[in-house]
Amino acid sequence: MSQNIYDNPGFFEGYAQLPRSQQGLAGAPEWLALQAMLPPLGGKRVLDLGCGYGWFCRAVREQGAAETVGIDLSAKMLARAAELTQDAGIHYRQGDLSRLELTGESFDLVYSSLALHYLPEVAPLFAQIHGALGAGGSFVFSVEHPIFTCPQPQGWLVDEEGRRSWPINGYQAEGKRVSNWLADGVIKYHRTLGTYLNALIAAGFEIRHVEDWGPTAEQIAANPALAEEAERPMLLLVAVQKPLR
């Protein structure tokens, strides 16, 4: 079972202060890149895995999706999503993505933002997603980049001249990583880029786009704090498709 850190009161309170919590998709600097990877949404049935406050569920409905379903492990996140949502075409439910069963369900798009690195394994979930998508359906997701997750502990190294570098030792050593981010003892899982992509291929997906996300010059000019994200990829964005045949 995945760790339900988002129901930790301290973590939830800290998360609520982040720009992506307060501003929604506009507060996530990688959103424009992810948005460009989405298929046309008109009339589509959409599943959001790790839906959090439900920002994506509401956005795709505004863009013409016929129905959206949001799943999250956190009762606190789902309660907040329900508070923010006034739309009979959006449905939320609680579920552990590491044990998710989608048998008998059908979607045109499955989306997940910064949730899959909390799972001990991704191959079982990828198989469930593939089975629930119709022919030609899309799966688009973001995770913390393997270069970001590999070191223990995560953090910059600074030499005597003040130059910073990001260590990548431990890259091949997949498995649990524990960090103190918003709360102590946050459990995430490191896996290599190859593991992510090969698990998608093994599930039957065709890879459409892979992006080692970094901020644009315009984003850095508007928010100088993003400059360090251009020094090493923090996020991995992936779009795949279930074949039409």
Side-chain angles (χ1 to χ4, degrees), residues 1-6 8 10-15 17-21 27-31 33-34 49-50 52 73-74 97-98 112-126 140-202 207 209-217 219-220 223-240:
M1 181 174 179
S2 303
Q3 179 191 40
N4 189 2
I5 192 64
Y6 284 82
N8 175 300
F11 188 98
F12 184 80
E13 182 179 348
Y15 186 84
Q17 306 309 311
L18 299 178
R20 66 180 64 235
S21 297
E30 75 279 9
W31 167 241
L34 275 170
L49 299 178
L73 180 60
S74 167
L97 302 188
S98 69
S112 183
S113 172
L114 301 179
L116 305 186
H117 48 254
Y118 292 109
L119 306 184
E121 298 181 78
V122 291
L125 179 62
F126 289 171
V140 178
F141 68 91
S142 67
V143 291
E144 290 187 352
H145 198 286
I147 284 178
F148 181 78
T149 59
C150 65
Q152 302 182 76
Q154 294 173 354
W156 294 96
L157 298 178
V158 183
D159 67 18
E160 35 206 42
E161 296 183 9
R163 292 174 300 196
R164 301 196 309 164
S165 60
W166 188 266
I168 58 171
N169 53 301
Y171 184 85
Q172 299 292 349
E174 298 187 326
K176 183 186 293 186
R177 300 290 193 269
V178 180
S179 64
N180 298 325
W181 177 66
L182 301 181
D184 292 344
V186 179
I187 298 173
K188 300 177 185 178
Y189 292 87
H190 167 69
R191 51 187 64 90
T192 67
L193 177 61
T195 292
Y196 277 115
L197 298 184
N198 288 325
L200 290 164
I201 293 168
I207 295 172
H209 186 82
V210 177
E211 182 167 337
D212 303 291
W213 181 83
T216 64
Q219 287 178 309
I220 294 172
N223 182 4
L226 288 173
E228 72 172 23
E229 308 304 343
E231 298 299 321
R232 54 92 180 92
M234 183 180 180
L235 303 180
L236 173 68
L237 316 183
V238 180
V240 299

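Predicted, not measured: the structure shown is a model, and the values here were computed from it.
- Taken from CG in L235 to CG in L34, the straight-line distance is 8.5 Å, to the nearest 0.5 Å.
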Go through it in stages, so that I can follow the logic: the residues are D212 and L236, the test is side-chain contact (heavy atoms from CB on, under 4.5 Å), and I'd like the CA-CA distance, side-chain angles, deciding distance and then a yes or no.
CA-CA 5 Å; D212 303 291; L236 173 68; 4.2 Å; yes

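- Taking every heavy atom of both residues into account, A115 and G50 meet most closely at CB-CA, 4.2 Å.
- Proximity of a side-chain donor or acceptor of H190 to a complementary backbone N or O of Y171 within less than 3.5 Å is detected.
- Counting only N and O atoms by type, the side chains of T192 and Q172 include no donor and acceptor under 3.5 Å apart.
- Of the possible donor and acceptor atoms, none in the side chain of Q154 sits under 3.5 Å from a partner among the backbone N and O of S179.
- One distance of note links CE of M234 with CD of E228; it measures 8.5 Å at 0.5 Å rounding.
- Relative orientation of the Y196 and F141 rings is tilted, given thresholds of 30° and 60° on the angle between their planes.
- Under a 3.5 Å cut-off, the side chain of Q219 and the backbone N or O of T216 do form a donor-acceptor pair.
- To the nearest 0.5 Å, the span separating OG on S98 from CG on L125 amounts to 9.0 Å.
- Residues P146 and L193 share a closest heavy-atom pair of CG-N, 3.6 Å.
- Remark: the backbone N or O of L49 is paired with a side-chain donor or acceptor of S112 at under 3.5 angstrom.
- Inspection of the E30 and S142 side chains reveals no N or O donor paired with an N or O acceptor under 3.5 Å.
- Using a cut-off of 4.0 Å between Lys/Arg side-chain N and Asp/Glu carboxylate O, R164 and E231 are scored as not salt-bridged.
- Separation of atoms OH (Y189) and CD (E121) is listed at 10.0 Å; rounding is to 0.5 Å.
- Within the model, atoms CZ of F126 and CG of L116 stand 5.5 Å from one another, a figure rounded to the nearest 0.5 Å.
- Annotation: ring-ring contact (aromatic ring centres under 6.0 Å, His included) contacts of F148 (sequence neighbours excluded): W166.
- In this structure R191 satisfies the salt bridge (charged side-chain N to carboxylate O under 4.0 Å, His left out) test with no other residue, sequence neighbours excluded.
- With a 6.0 Å radius and a threshold of 12 heavy atoms from other residues, nucleotides or ligands, I168 has its CD1 atom at or below the threshold.
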Please assess E174 against T195 for the test side-chain contact (heavy atoms from CB on, under 4.5 Å), listing each intermediate value before the final yes or no.
CA-CA 9 Å; E174 298 187 326; T195 292; 2.5 Å; yes

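- The side-chain heavy atoms of P215 and W213, taken from C-beta on, include a pair separated by under 4.5 Å.
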Under the side-chain contact (heavy atoms from CB on, under 4.5 Å) rule, what do L97 and L73 come out as? Steps first, then yes or no, please.
CA-CA 7 Å; L97 302 188; L73 180 60; over 6 Å; no

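- With V240 as the partner, the side chain to side chain contact (heavy atoms under 4.5 Å, CB included) test is satisfied by one option alone out of V210, I207, V140: I207.
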Verdict with reasoning, V238 to V143, per side-chain contact (heavy atoms from CB on, under 4.5 Å):
CA-CA 9 Å; V238 180; V143 291; over 6 Å; no

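- Side chains of L226 and P29 form a contact here, defined as non-hydrogen atoms less than 4.5 Å apart.
- In this structure, E229 pairs ionically with R232, as a charged nitrogen and a carboxylate oxygen lie closer than 4.0 Å.
- Nearest heavy atom pair, residue G155 against residue P167, reads O-CD, 3.2 Å.
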